Protein chains: 2
Amino acid sequence: MKKLTSRQIEILRFITTFIKNNGYGPSVEDVRLFFGFKSPNAVTCHIRSLINKGYLSKELGKARSIKIKFSPFSGIPILGKVAAGKPVVVEDFSEDVLFSKDEMENVFALRVKGDSMQQAHIYDGDYVIVRRNVGINNGDIVAAVIGEEATVKYFKKIKDKTFLIPANPSYKPVEIKENFILGKVIGVYRKI
Amino acid sequence: MKKLTSRQIEILRFITTFIKNNGYGPSVEDVRLFFGFKSPNAVTCHIRSLINKGYLSKELGKARSIKIKFSPFSGIPILGKVAAGKPVVVEDFSEDVLFSKDEMENVFALRVKGDSMQQAHIYDGDYVIVRRNVGINNGDIVAAVIGEEATVKYFKKIKDKTFLIPANPSYKPVEIKENFILGKVIGVYRKI
DNA sequence: AATTATACTGTATATTTATACAGTAGTCAA
DNA sequence: TTGACTACTGTATAAATATACAGTATAATT
């Protein structure tokens with residue numbers, strides 16, 4: 001990822017938060033007004049730079065068609081450390097985020113039933129976050145279809161046979177066809 | 001929430017997936033072309049209905065300024081049951097979703113350190129999803145600032161004193177001032 | 001039976017919006 | 001010291017876009 005100038009960071013931050021606050025993107029004019037530019041071309045050039053560096057994309061001629069490709073400001077901010085007292089504010093550029101657009105591409109959720117994975121800290125009622133079309137290695141946790149139900153198990157391939165292995169030792173491994181695997185489990189979410 | 005007609009559901013579904021796929025909203029013309037309407041007014045009327053029923057909002061005169069207020073199609077789809085074999089498709093209207101816009105309002109994440117909540121299945125390295133400005137009751141899990149660090153504990157109020165109680169019995173309850181509470185923990189996420 | 005809402009066609013138009021082109025001035029690396 | 005990149009001003013304009021107004025026909029509600 002190419003480095004941004006401080007001005008470009010400001011522009012990207014504005015666009016990201018504008019979308020977060022309004023649900024749709026800013027027009028060139030919106031950006032111009034915010035920064036006090038006297039020419040719309042100032043905005044156009046900045047957007048072009050951000051596109052060239054891979055942070056944005058845009059459909060030529062279409063209004064408010066900026067799409068965020070990568071932004072350190074989108075997603076749920078992860079507030080690692082907090083200074084004593086309130087309020088908590090997102091700090092700056094390098095801040096990490098959860099559920100960024102990128103991360104959530106080709107992703108769906110499944111509700112977990114049963115206790116076959118509780119040794120892996122996946123419990124009944126949890127949601128597993130599954131990504132499609134991604135490489136799977138031995139030891140990965142996968143979601144797969146067995147019969148009519150979707151289940152979550154460890155993946156293990158021995159020679160040309162594929163097995164699903166529960167974390168709970170009271171259940172037995174199952175052999176399955178590889179094309180019944182829905183995807184790789186990339187996360188677990190539990191509502192409280 | 002007012003009921004939608006089947007046509008309105010189709011329109012809402014199109015708008016929602018358009019935003020998901022493109023990162024920005026459709027223009028009236030985009031919707032018109034997709035449905036094959038011969039007049040843009042057909043779209044305008046449908047959008048007006050969806051606004052009146054509380055599913056959308058829009059800035060008058062602004063291009064692509066549709067904002068989704070409530071949509072059963074946004075967020076990460078939860079695929080509960082799966083028919084035998086692939087592929088898995090999101091079914092229909094009543095489908096549930098995770099991380100909808102609504103749900104993620106005023107939300108941030110904190111990385112969990114230590115084992116003080118492992119009895120509540122919150123482990124070292126997990127992310128707690130915290131909502132600000134929401135009512136907190138006894139027994140809720142909250143995120144709070146103690147000294148220079150953020151922690152996650154059970155909330156308990158006895159008379160006019162507020163305590164934070166760890167799930168792990170080897171740690172002791174702490175009394176704190178209520179304004180050091182950052183918010184209510186509404187979920188736990190673990191990357192795998 | 002009357003009223004309201006749905007679901008459009010058809011036309012017209014104001015304005016929002018993006019973008020091109022021509023410059024200026026400063027910085028920064030080769 | 002030349003070229004590339006940044007960071008803008010200033011002007012002009014084609015095109016994208018939303019929306020208003022006038023209708024028609026059907027279904028649902030009261």
Side-chain angles (χ1 to χ4, degrees), chain A residues 1-16 18-19 21-71 93, chain B residues 1-16 18-19 21-71 93:
Chain A
M1 204 100 255
K2 276 185 186 170
K3 260 206 159 182
L4 296 178
T5 66
S6 58
R7 199 53 162 164
Q8 286 163 357
I9 290 172
E10 288 183 67
I11 306 278
L12 180 60
R13 191 207 310 263
F14 174 74
I15 292 172
T16 310
F18 189 103
I19 292 174
N21 292 336
N22 299 286
Y24 55 87
S27 67
V28 169
E29 182 68 2
D30 289 333
V31 182
R32 192 188 69 78
L33 283 172
F34 183 84
F35 287 96
F37 298 142
K38 294 191 177 161
S39 166
N41 195 43
V43 181
T44 305
C45 290
H46 274 123
I47 289 173
R48 194 174 301 151
S49 304
L50 287 164
I51 291 170
N52 289 336
K53 293 188 176 175
Y55 290 80
L56 301 179
S57 72
K58 157 156 221 330
E59 293 295 309
L60 216 142
K62 287 188 179 173
R64 296 178 188 274
S65 65
I66 291 174
K67 182 179 183 174
I68 290 171
K69 285 288 174 184
F70 175 82
S71 171
F93 185 59
Chain B
M1 202 102 255
K2 275 184 186 169
K3 260 207 161 183
L4 297 177
T5 68
S6 59
R7 200 53 163 162
Q8 286 163 355
I9 289 172
E10 288 184 65
I11 307 277
L12 181 60
R13 192 206 310 263
F14 173 74
I15 292 172
T16 309
F18 189 103
I19 292 174
N21 292 335
N22 298 287
Y24 53 87
S27 66
V28 169
E29 181 68 3
D30 290 333
V31 182
R32 192 188 69 78
L33 282 173
F34 183 85
F35 288 95
F37 299 143
K38 295 191 177 161
S39 165
N41 195 42
V43 180
T44 306
C45 289
H46 274 121
I47 290 173
R48 195 173 302 151
S49 303
L50 287 165
I51 291 172
N52 289 337
K53 292 186 177 179
Y55 289 80
L56 301 179
S57 71
K58 162 158 216 330
E59 293 295 309
L60 217 141
K62 286 190 182 174
R64 298 178 186 273
S65 66
I66 292 173
K67 182 178 183 175
I68 291 172
K69 285 287 175 185
F70 175 83
S71 171
F93 185 59

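Predicted model, so just to flag it, every value in this text is computed and none were measured. Chain A is the first sequence line, chain B the second, and so forth, proteins listed ahead of strands; every chain is numbered from 1.
Using modelled atom types, one finds no donor on one side chain facing an acceptor on the other under 3.5 Å when comparing B:Asn52 with B:Ser49. A:Ser57 and A:Lys67 are not linked by any side-chain donor-acceptor pair at a separation below 3.5 angstrom, with hydrogens and angles left out of the test.
Side-chain proximity of A:Ala63 to C:dT17, C:dC8, D:dA18: nearest is C:dT17. Set against D:dT9, C:dA7, D:dA7, the side chain of A:His46 has D:dA7 as its closest nucleotide. You'll find that the side chain of A:Leu60 is closest to C:dA20, out of C:dA20, D:dC8, D:dA20. Closest approach to the A:Lys38 side chain among D:dT17, D:dG10, C:dA18 is made by D:dG10 (side chain taken as heavy atoms from C-beta onward). Each of D:dT9, C:dT19, D:dT17 was ranked by its minimum atom distance to the side chain of A:Ala42; first place goes to D:dT9.
In this entry the distance linking CZ of A:Phe37 with P of D:dT9 reads 7 Å, nearest Å. Distance, A:Gln8 CD to D:dA7 P: 5 Å, rounded to whole Å. If you take CG of A:Leu33 and C1' of C:dT17, they are 13 Å apart, rounded to a whole angstrom. Going from atom CZ of B:Phe35 over to atom C1' of C:dT9 covers 17 Å, rounded to whole Å. Atom pair A:Lys62:NZ and D:dA18:C1' shows a separation of 16 Å (rounding to whole Å applied). Distance CZ (B:Arg32) to P (C:dG10): 11 Å, rounded to an integer number of Å. C:dT17 atom C1' lies 14 Å from atom CG of A:Asn41, rounded to whole Å. The distance between atom CZ of A:Arg48 and atom P of D:dC8, rounded to the nearest whole Å, is 15 Å.
Salt bridge present: A:Glu10 and A:Arg7 bring a charged side-chain N and a carboxylate O closer than 4.0 Å.
Contact annotation: B:Lys2 side-chain N/O to C:dA5 OP1/OP2 distance is not under 4.0 Å. In this structure, B:Thr5 does not reach the C:dA5 phosphate: none of its side-chain N or O atoms is under 4.0 Å from OP1 or OP2. Between D:dT17 and B:Arg64, a contact under 4.0 Å exists linking OP1 or OP2 to a side-chain N or O. The shortest distance between the side-chain N/O atoms of A:Lys53 and the OP1/OP2 oxygens of D:dT6 is below 4.0 Å.
Map B:Ser39 and B:Gly61 each onto its nearest nucleotide of DNA chain C; the residue landing nearer the 5' end is B:Ser39. Each of B:Ile11 and B:Pro40 was matched to the nucleotide of DNA chain C holding its nearest heavy atom; the match closer to the 5' end belongs to B:Ile11.
Here the closest non-hydrogen pair linking B:Ile19 and B:Gly25 is CG1-CA, 3.7 Å.
Aromatic ring orientation, A:Phe14 versus A:Phe35: perpendicular (interplanar angle above 60°, classes split at 30° and 60°).
Base contact: A:Thr44 has a heavy atom under 4.0 Å from a base atom.
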